[in-house]
Amino acid sequence: MGKKEKKKKLPLGRTLSNNIFALRQVWEGSRSYFFMYYFVTVLNAPLNFLLTTYLVRAIVDSVSGTGWSTAEVFRYIFIVGGAAIVIWTLSNYYWNVPSVKANRQIQHRLKKKLYKKATEVELACYEDPSFYDKYVKAMDEVTSRVYDVMSTLDNLIWTLTSLSLNSLLLFTIDPLLIIFAILPLVMGFVRHWGQVIYHGWQMAGKPSDRKYNYVRRTFYLSDYAKEMRLGRFSEQQLSMLADVRNEKTKLCGKHGTKFALSSVLYEYGMQTVTVLGAMAYSLWRTLGEGQGSMTPGDCIVVLTSIGNVSYMLSRVVQNFAEFSEHSLYIENVRYFLDYQPTITEDESAPEASAGDVEIKNLHFKYNNAEKESLAGVNITVRKGEKIALVGRNGSGKTTLVKLLLRLYDPDEGEVLLDGKSAKEYRLSSWRGLFGCVFQDFKLFAMTVKDNVLLRREEQGDDERVDAALKASGAYEKVATLKNGVDSILTREFDDEGVNLSIGEQQKISLARVFAADAPFVVLDEPSSALDPIAEHKMFENMLKATEGKSVIFISHRLSSAVLADRVYMMEDGAVIEEGTHASLMEKGGKYAEMFRLQAENYKEGEKDE
Ligand code: ADP
């Protein structure tokens with residue numbers, strides 16, 4: 001993998017198109033910004049030449065009596081200097097005032113594009129390490145790279161303009177001088193070689209950087225604070241940190257020496273070969289045997305310009321090398337943005353509405369897994385039915401829910417709504433059918449109200465949120481908070497933010513289901529953090545609040561399955577028993593055995609208490 005990265009070089013066409021892609025992001029974000037960026041450079045480069053090299057030559061030739069009169073020199077300074085002041089003032093104003101707004105606009109537009117894509121890609125992408133790698137790199141780099149491309153192009157325009165003017169002047173003085181200027185081009189290739197090494201070094205270090213960032217997070221995020229203080233978790237993290245250091249040191253040994261060599265060759269090679277050679281030649285023409293064939297002004301131009309010309313030539317080569325480096329990074333961004341999700345929104349597809357759901361012969365294997373997590377599941381949920389899905393950990397219950405929501409699509413089989421495949425409905429309306437609480441639900445650093453609604457607030461939402469919190473059992477707790485439903489959860493952004501217990505958090509996430517008022521409710525272990533009494537109460541509330549709606553609930557406590565219209569018991573990705581609680585108990589199979597075992601455990605528990 002590392003080897004592949006190192007050798008990676010994109011074809012010229014792709015390099016060009018990637019850089020144009022970056023420029024287009026700025027152009028589409030703010031045309032005036034784009035225009036000003038280069039307009040200023042196009043004017044500034046010649047002005048700079050006229051006010052330095054050309055002016056010095058004029059002054060020296062005037063002083064030595066071989067050129068303009070003093071009055072002519074002053075007139076020149078007055079006109080060119082005046083033009084420069086006007087342009088500098090205007091550009092300064094632009095860069096300090098209007099450009100700030102334009103800049104924000106460009107960045108916002110670009111980030112929005114990426115974030116939108118991030119919500120469109122399937123969950124399966126997050127399980128594909130190479131996709132995830134590109135995704136993280138794209139997110140990290142995108143804005144800075146776009147500006148880097150702008151800046152490289154700016155540099156190229158500046159350099160090419162100055163180079164043309166300086167070369168023209170040198171050429172008119174003595175065409176032979178151009179030879180000295182062209183030599184450093186070779187050095188540009190050395191520099192390019194250095195950059196390829198550097199890129200390889202950076203890329204090879206990314207996996208270690210990710211490990212380092214992970215370790216860092218485990219030390220500062222409150223999520224990990226408890227585990228960190230228990231057992232030997234922190235030792236393990238520290239040893240991971242030591243691994244990162246070793247990996248980085250190895251990389252430094254592997255790439256650092258080559259990189260240093262390229263820098264030394266570039267820096268010193270250029271100085272010695274060209275600048276000193278050209279200086280000796282023009283001194284010889286002015287003062288030595290060829291005395292008098294060059295004016296003092298021309299000699300000064302050579303002394304100052306030849307180094308600049310050589311430098312500028314190598315800069316041009318370097319600019320192209322930079323474009324090729326930017327292109328490698330932008331490739332990640334484009335790969336991510338061009339990715340075509342297989343589960344997509346078709347706005348012309350029909351809207352889904354409440355009905356009978358049939359899960360038919362569903363097979364599914366995760367990309368990175370060896371065996372199927374679902375191996376031919378059949379389940380029916382009629383409108384308004386309450387279904388319990390039970391089974392040991394790893395039997396495939398959550399996977400089934402993910403497929404039901406079309407977070408993944410099955411390898412075989414299908415989910416039908418009133419006899420029509422889920423894939424035929426509009427995706428957003430399909431997902432909108434379901435109100436879900438996931439086992440690994442997440443609360444966001446926002447107010448309780450926002451966390452329950454998970455959308456912008458509308459009129460009448462206060463009552464809706466209160467009712468939802470009451471139904472989920474979170475209302476009493478929220479009522480004790482200083483700012484009620486407007487209290488901010490977590491202390492991420494607010495020192496007064498509220499940290500809730502896991503049971504309370506679960507109730508808030510459950511309230512989302514009630515507030516969404518979806519016709520189909522899916523609860524994946526919503527009661528795992530609750531005690532049996534609170535769980536019972538929650539289920540009672542839930543049944544009351546979901547009257548008329550279809551419900552699938554997953555619980556490891558079979559006591560809740562008693563409340564269901566039908567129970568499906570899963571094992572190894574398949575349904576092994578189904579029926580009402582009573583019929584399954586009568587059957588005396590695995591469900592009955594597990595139910596009795598759990599009931600005994602509770603009794604034991606009660607005795608112990
Ligand atoms: P349950 O919800 O019944 O505990 P899951 O649906 O979470 O079971 O898991 C079913 C099987 O699929 C398990 O063997 C689990 O290890 C595997 N699995 C779950 N998620 C992934 C994943 N993202 N990648 C690979 N395997 C997974």
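Side-chain atoms are counted along with the backbone in the values below, which use heavy atoms only and exclude waters and symmetry mates. As the structure lists them, so they are numbered: ligands from 1, and atoms in each ligand from 1.
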Does Met570 approach ligand 1 within less than 4.0 angstrom via side chain, backbone, both or neither, non-hydrogen atoms only?
neither
For Ser395, the atoms of ligand 1 under 4.0 Å from one of its heavy atoms are 1 (P), 3 (O), 8 (O)
Would you check if the distance from the ring center of Tyr135 to the ring center of Tyr339 is below 6.0 Å?
no
Under a 4.0 Å threshold between the charged nitrogen and the carboxylate oxygen, would Asp461 count as salt-bridged to Arg464?
yes
Less than 4.0 Å from atom 16 (O) of ligand 1, is there any heavy atom belonging to the protein?
no
Below 4.0 angstrom, N of the basic side chain to O of the carboxylate: do Glu577 and Lys590 qualify?
no
One finds that the ligand 1 atoms under 4.0 Å from a non-hydrogen atom of Asn393 are 4 (O)
Quick test: of every protein heavy atom, which one is nearest to atom 6 (O) of ligand 1, and how far off is it to 0.1 Å?
Thr399 OG1, 2.5 Å
Taken in chain and number order and not counting sequence neighbours, the residues that satisfy ring-ring contact (aromatic ring centres under 6.0 Å, His included) with Tyr475 are none
Specify the protein heavy atom at minimum distance from atom 23 (N) of ligand 1: its residue, its atom name, and the distance to 0.1 Å.
Glu127 OE2, 3.0 Å
Show me the donor-acceptor pairs within less than 3.5 Å that the side chains of residues 380-394 make with the rest of the protein, sequence neighbours left out.
from: Arg382; atom 1: NH1; to: Glu385; atom 2: OE2; distance (Å): 3.3
from: Glu385; atom 1: OE1; to: Arg382; atom 2: N; distance (Å): 2.7
from: Glu385; atom 1: OE1; to: Arg566; atom 2: NH2; distance (Å): 3.1
from: Glu385; atom 1: OE2; to: Arg566; atom 2: NH1; distance (Å): 2.7
from: Lys386; atom 1: NZ; to: Thr546; atom 2: O; distance (Å): 3.0
from: Lys386; atom 1: NZ; to: Lys549; atom 2: O; distance (Å): 2.7

Gly396: heavy atom below 4.0 Å from ligand 1, yes or no?
yes
Looking only at protein heavy atoms, what sits closest to atom 2 (O) of ligand 1 is Thr398 OG1, 2.6 Å
Top protein contact for atom 11 (C) of ligand 1, by heavy-atom distance
Ser373 OG, 3.4 Å
Note: ligand 1 atoms sitting under 4.0 Å from heavy atoms of Arg392 are 3 (O)
Given side-chain hydrogen bond (donor to acceptor under 3.5 Å, both in side chains), test Tyr335 with Glu331 step by step and report yes or no.
CA-CA 6 Å; Tyr335 177 86; Glu331 184 69 10; over 6 Å; no
Evaluation steps, salt bridge (charged side-chain N to carboxylate O under 4.0 Å, His left out), between Asp450 and Arg455
CA-CA 7 Å; Asp450 289 341; Arg455 56 166 170 76; over 6 Å; no
Could you check atom 13 (C) of ligand 1 against the protein and tell me its nearest heavy-atom contact, residue, atom and distance included?
Gly394 O, 3.7 Å
Report yes if the distance between the aromatic ring centroids of Phe595 and His581 is under 6.0 Å, otherwise no.
yes
Does ligand 1 come near enough to Asn368 that some N or O of the ligand is less than 3.5 Å from an N or O of the residue?
yes
When you measure from the heavy atoms of Lys371 to every atom of ligand 1, does any distance fall below 4.0 Å?
no
Could you go through Glu325 and Arg145, starting from their C-alpha distance and side-chain angles, then the distance that decides it, and tell me whether this counts as salt bridge (charged side-chain N to carboxylate O under 4.0 Å, His left out)?
CA-CA 10 Å; Glu325 190 195 322; Arg145 274 296 151 181; 3.6 Å; yes
Ranking Tyr408, Phe364, Tyr366 by closest non-hydrogen atom to atom 18 (N) of ligand 1, top hit is Tyr366
Tell me which part of Asn367 gets within contact of ligand 1: side chain, backbone, both or neither, using heavy atoms under 4.0 Å.
neither
Locate the shortest heavy-atom distance separating Ser429 from Glu351; write the atom from each residue and the value.
CB-OE1, 3.3 Å
